[in-house]
Amino acid sequence: MSGSSEFTHPFQAYEVPPPGHSSGSRLERVLRQGRFAVTAELNPPDSANAEDVYEAARPLAEVVDAINATDASGANCHMSSIGICSLLTRAGYGTIYQISCRDRNRIAIQGDVLGAAAMGVKNVLCLTGDGVGVGDQPGAKPVFDLDSISLLRALKTMRDEGAFLSGRKISSPPHLFLGAAENPCVPPLEWRPERLRKKIEAGAEYIQTNYIFDMPVFEAFMARVRDLGLDKKVFILAGVGPLASAKAARWMRSNVPGIHIPDHVIERLEKAEKPGEEGKRLAIELIRQIREIKGVAGVHVMAYRREHQVSEIILESGVLKGRRPEGSRRARTAAGSRSGREAGEDASAASMGVRPSDGGAR
């Protein structure tokens, strides 16, 4: 073998986060600086072609602080969340690695987390996951060795104590910003803030909620959260998304776990000449209202395989005011032309002008 023996790799070197940070990710920095954060879901392709991932990610590059890679949401198989995170991290995007407890036991999950951290993944969202019966392969064997709370504890142990659940030491612990999900608008409503408290105690540092369509219910949830002082202990990103039609809204309400859509929202879509446009307007209105609620730290925008519409909703909502969108071109082209630290998260941070569904069983 001739030439230099030095091996170069496209992933970031192992680094210790700055003081007061768990990971140093762009999302964590934005939230700890008190800025209004924006995240969005990338719906994974039924494909082994990396370009399909990059095509979905490009519209999101200029409008989000991190992209959620969903983990077989709805118990349906797609490209893996760890695979998507690997592709996007190398291309310079900030990612959120979603982990569902449905499909892997604690041994597999701990190993996957180490691998993801080695590839530069810094944000994790811990989910219990929907049961296999709601997906298109109901004969699959569910695992559920852990749930979202015990998974949070496990990853916190790996990060803070540098040890596996067995007690065996980890030589280079993963630096992770730990998140979980919540359903503020689904009964029993009085129990939801207490459930949130348990997730915070288990290690959650940020929360992404399911879709919010009922503002009075969400405002009541946030009032209780503030009464308990939980808004000082966790960053809450409220989930928002466009509804395509009244028919689609009814189907979601009946078939997707954890979704609550009030009758008045469905009636509004029924009366609209263009229901899709009305659904988009509703999402924009909700983002603007949510931003005014004390204790809300950001929004999480979801629209199944409509990433371009997500971008339009975020831009038209005005939450990006003050950012420098001209820099976003660097992140959008990174996937096709750059890799490694040169196109890493800090380079993408400038592009964001630094200032995530797995339904009911979260």
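The basis for the numbers below is simple: all heavy atoms, side chains too, and nothing from hydrogens, waters or symmetry mates.
The two residues L114 and P174 make their nearest non-hydrogen contact at CD2-CD, 3.9 Å. G83 and S80 get closest at one heavy-atom pair: N-OG, 3.0 Å. In terms of heavy atoms, N123 sits closest to T95 at ND2-O, 2.9 Å. Listed here is the closest heavy atom pair of A204 and V234: O-CG2, 3.9 Å. In plain terms, the two heavy atoms of C77 and D46 that are nearest each other are O-OD1, 3.5 Å. Between L269 and P275, the shortest heavy-atom contact is CD2-O, 3.6 Å.
Under the ring-ring contact (aromatic ring centres under 6.0 Å, His included) criterion, Y206 pairs with F177, sequence neighbours left out. Residues satisfying the salt bridge (Lys or Arg N to Asp or Glu O under 4.0 Å) criterion with R226, sequence neighbours excluded, are absent altogether. For H175, the ring-ring contact (aromatic ring centres under 6.0 Å, His included) test picks out Y14, with sequence neighbours left out. Shown here are the salt bridge (Lys or Arg N to Asp or Glu O under 4.0 Å) partners of E278, two or more places apart in sequence or in another chain: R268, R281. For D263, the salt bridge (Lys or Arg N to Asp or Glu O under 4.0 Å) test picks out R253, with sequence neighbours left out. Among residues two or more places apart in sequence or in another chain, the side-chain contact (heavy atoms from CB on, under 4.5 Å) test is passed with H21 by P17, P18, E28, R29, R32. Residues that satisfy the salt bridge (Lys or Arg N to Asp or Glu O under 4.0 Å) test with R197, not counting sequence neighbours, are E194. Applying the ring-ring contact (aromatic ring centres under 6.0 Å, His included) rule to F213 yields the partners Y211; only residues at least two apart in sequence or on another chain are considered.
S23 places a side-chain N or O within donor-acceptor distance of the main-chain N or O of S25, the cut-off being under 3.5 Å. Panel note: side chain S81, backbone Q98; a donor-acceptor pair is recorded below 3.5 Å. The backbone N or O of V38 sits less than 3.5 Å from a side-chain atom of D65, completing a donor-acceptor pair. When atom types are taken as modelled, the side chain of R224 and the backbone of P193 share no donor-acceptor pair closer than 3.5 angstrom. Within the 3.5 Å criterion, the main-chain N or O of N43 finds a donor-acceptor partner in the side chain of E307. No donor-acceptor distance shorter than 3.5 angstrom exists from the side chain of D214 to the backbone of P262, with no hydrogens or angles considered. Judged by distance alone, the side chain of R291 and the main-chain N or O of G298 form no donor-acceptor pair under 3.5 Å.
One hydrophobic cluster, built from ILVMFWY side chains closer than 4.5 Å, holds both L228 and F221. Under a hydrophobic clustering in which Ile, Leu, Val, Met, Phe, Trp and Tyr are joined whenever their side-chain heavy atoms come within less than 4.5 Å, directly or via other members, V319 and M215 fall into the same cluster. Hydrophobic clustering of Ile, Leu, Val, Met, Phe, Trp and Tyr side chains at less than 4.5 Å, counting indirect connections, unites I212 with I293. Taking hydrophobic clusters as Ile, Leu, Val, Met, Phe, Trp and Tyr residues chained together by side-chain heavy-atom distances below 4.5 Å, I261 does not share a cluster with V134. Residues V186 and L237 do not share a hydrophobic cluster, clusters being chains of Ile/Leu/Val/Met/Phe/Trp/Tyr side chains in contact below 4.5 Å.
The side-chain heavy atoms of R195 and N183, taken from C-beta on, include no pair separated by under 4.5 Å. Contact of the Y54 side chain with the L87 side chain is registered, since non-hydrogen atoms from C-beta on lie closer than 4.5 Å. The shortest distance between side-chain heavy atoms of L42 and I67 falls below 4.5 Å. The shortest distance between side-chain heavy atoms of L230 and I200 falls below 4.5 Å. A heavy-atom distance below 4.5 Å is found between the side chains of M119 and I82. By the 4.5 Å heavy-atom criterion applied to side chains, V124 and I96 are not counted as neighbours. Considering only heavy atoms from C-beta on, V132 stays 4.5 Å or farther from K141 through its side chain. Side-chain atoms of L315 and E62, non-hydrogen and from C-beta on, do get closer than 4.5 Å to each other.
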(request) Evaluate the criterion side chain to side chain contact (heavy atoms under 4.5 Å, CB included) for residue pair L286 and V299; output intermediate values, then yes/no. (result) CA-CA 10 Å; L286 288 171; V299 289; over 6 Å; no
(request) Any chance you could lay out the side chain to side chain contact (heavy atoms under 4.5 Å, CB included) test for S150 and D147, step after step, and finish with the verdict? (result) CA-CA 5 Å; S150 55; D147 62 13; 2.9 Å; yes
(message) For a side chain to side chain contact (heavy atoms under 4.5 Å, CB included) check, start with the C-alpha distance between K294 and M222, then their side-chain angles and the critical distance, and finish with the verdict.
(response) CA-CA 8 Å; K294 186 178 178 182; M222 287 304 304; over 6 Å; no
(message) For a side chain to side chain contact (heavy atoms under 4.5 Å, CB included) check, start with the C-alpha distance between M158 and L176, then their side-chain angles and the critical distance, and finish with the verdict.
(response) CA-CA 9 Å; M158 293 175 68; L176 304 171; 5.9 Å; no
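To the nearest 0.5 Å, atoms CG (L146) and CG (L127) are separated by 12.5 Å. Note that NE2 of H78 and OG of S73 are 5.0 Å apart. Values are rounded to the nearest 0.5 Å. Distance CZ/F218 to OG1/T209: 5.5 Å, rounded to 0.5 Å. Rounded to the nearest 0.5 angstrom, I99 CD1 and T128 OG1 are separated by 12.0 Å. With rounding to the nearest 0.5 angstrom, the CD1 atom of I109 is 8.0 Å from the CG atom of L155. Atom-to-atom distance recorded for I313:CD1 and M302:CE is 11.0 Å, nearest 0.5 angstrom.
Grouped with L189 in one hydrophobic cluster are V217, the linkage being side-chain heavy-atom contacts under 4.5 Å among Ile, Leu, Val, Met, Phe, Trp and Tyr residues.
At least one cation-pi condition fails for R102 and F144: the charged atom is not both under 6.0 angstrom from the six-membered ring centre and inside a 45 degree cone around its axis.
Applying the salt bridge (Lys or Arg N to Asp or Glu O under 4.0 Å) test to residues at least two apart or on different chains, the pairs with a partner in residues 159-179 are K156-D160, R159-E205. The salt bridge (Lys or Arg N to Asp or Glu O under 4.0 Å) contacts involving residues 230-251 comprise R250-E270, where partners must be two or more places apart or lie in separate chains. A side-chain hydrogen bond (donor to acceptor under 3.5 Å, both in side chains) check over residues 311-320, counting only residues at least two apart or in different chains, returns the pairs K280-E312, K280-E316.
Side chain to side chain, Q208 and N68 meet the donor-acceptor criterion of an N or O pair below 3.5 Å.
Ion pair E51/R58 flagged as a salt bridge, since at least one NZ, NE, NH1 or NH2 atom sits closer than 4.0 Å to an Asp/Glu carboxylate oxygen. Salt-bridge check for R104 with D112: passed, with a basic side-chain N closer than 4.0 Å to an acidic carboxylate O.
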